[in-house]
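Here is the structure we will look at, set down as C-alpha cells.
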Amino acid sequence: MNKSFGTLLIVFFLLSWNIEPAAGGDHHGSGHLVLVAGGPSHSTGEHEHRAGVLLMERCLANVPGMEISTHFGGWPSDDGAFDDADAVHLFMDGGGGHPAIQDDRLQLLEDLIDDGVSLGAMHYAVEVPKDRGGEQFMDWIGGYYETHFSANPMWDPVFDNLSNHPIFIGVEPFSVHDEWYFSIRFREDQVGVTPLLVDAPSDDVREGPYVHPHGPYDHILERKGESEIVSWAVERKDGGRGFGFTGGHFHENWGDENFRKFVLNALVWLAGADIPANGVECAVTDADLEENLDE
Ligand SMILES: [Zn+2]
C-alpha cells in the first residue's frame with residue numbers, strides 16, 4: 001500500500017469515527033432503563049431494594065431492545081448516570097427521606113422529564129411529602145402516596161380483571177399478600193391515569209390497622225365496597241410515560257410469576273421497548289430469592 005493511500009484511509013477512518021457519536025445524544029430512543037435502589041431498610045426480606053433491583057436487572061438484561069443501568073445505596077453519585085436514559089425507575093424508601101427529593105434532585109428529575117424521560121416508582125418510593133415532590137409526582141407519574149390521605153394496610157387483593165393494556169401481555173390473574181397502598185393522591189379526576197391493578201379492599205382492611213399510621217380514616221371507611229387502584233400507568237403529553245406500583249414490601253413476592261411478569265412488562269413499556277409476545281419470562285427460584293438480601 002502506498003503511503004498517501006494509507007494516510008487517506010486513516011483520515012477517512014477518523015472522519016467516520018467522528019460522525020458516529022454525533023448521531024446519539026437525545027432522549028427519544030428507547031430501551032435504556034436506569035434502575036435506582038435505595039439503601040438498606042426494614043428487616044431482612046422487606047424493602048429489599050438492592051436485591052429487587054438486581055433481580056429486575058437480571059430479568060430484563062436479555063429482553064431485546066433493553067439496556068439496563070443500576071445504581072445502589074440511594075442515588076447515583078454522578079448526575080451523568082441519567083444521561084441517555086429513556087426511563088428511570090425508583091425502588092427506595094420515601095417520605096421526607098426520599099432520595100429523589102434531597103438537594104436539587106427534583107430539579108434534575110424535572111429536567112429529565114422535560115426531555116421526555118419516563119419515570120416509575122415502586123412501593124415506598126411512591127410516597128413523597130405533599131409540599132416537596134407531591135405536585136411533581138402527580139404530574140410525572142399521575143399520583144403519589146400522601147400521608148393521612150393514603151393508607152398502607154397489609155392485604156391480599158385479587159387481580160382477576162386484567163385489561164388489554166400491553167403491560168398485561170402474558171399475565172394471568174394473581175393474588176399476592178403485600179402492603180398494597182391505596183387511596184393514592186391522584187391528579188384531579190384521575191385525568192390521564194390508567195388503572196392497572198384494581199381491587200376492592202374488604203371492610204376489615206379499611207378498618208385497619210394500617211401499617212403506619214394505624215388509622216382508620218373516615219374517607220377510607222366511606223368508600224366501603226369500592227375498588228381501589230394499587231398500580232397505574234400514565235402517558236404524558238410530552239411522550240414520556242409514568243408507572244406507579246404500590247406493592248413490593250416482601251422480597252419473596254418476586255417468586256410469584258405473575259407479580260414478577262407484571263412489573264417486568266411495565267418496565268419494558270416504561271422504557272418504550274416492545275414487550276415480548278408472552279411477556280417477560282424470567283425464572284426465579286427459591287434459592288434466587290435468598291440472594292443479595294440486606295443484612
Ligand atoms: Zn413496606
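As the structure lists them, so they are numbered: ligands from 1, and atoms in each ligand from 1.
For Glu228 and Ser183, the side-chain atoms include no donor-acceptor pair closer than 3.5 Å. For the 3.5 Å distance criterion, the side chains of Asp93 and His47 qualify, holding a donor opposite an acceptor. Neither side chain, Glu48 nor His251, offers a donor N or O lying under 3.5 Å from an acceptor on the other.
Cation-pi geometry between Arg185 and Phe149 is met: under 6.0 angstrom from the ring centre, within 45 degrees of the axis.
Counting heavy atoms of neighbouring residues, nucleotides and ligands inside a 6.0 Å radius, atom CG of Asp288 exceeds 12 of them.
Salt bridge Lys130/Glu135: absent, no basic N to carboxylate O contact under 4.0 Å.
Counting only protein N, O or S atoms closer than 2.8 Å to the Zn ion (ligand 1) gives 4.
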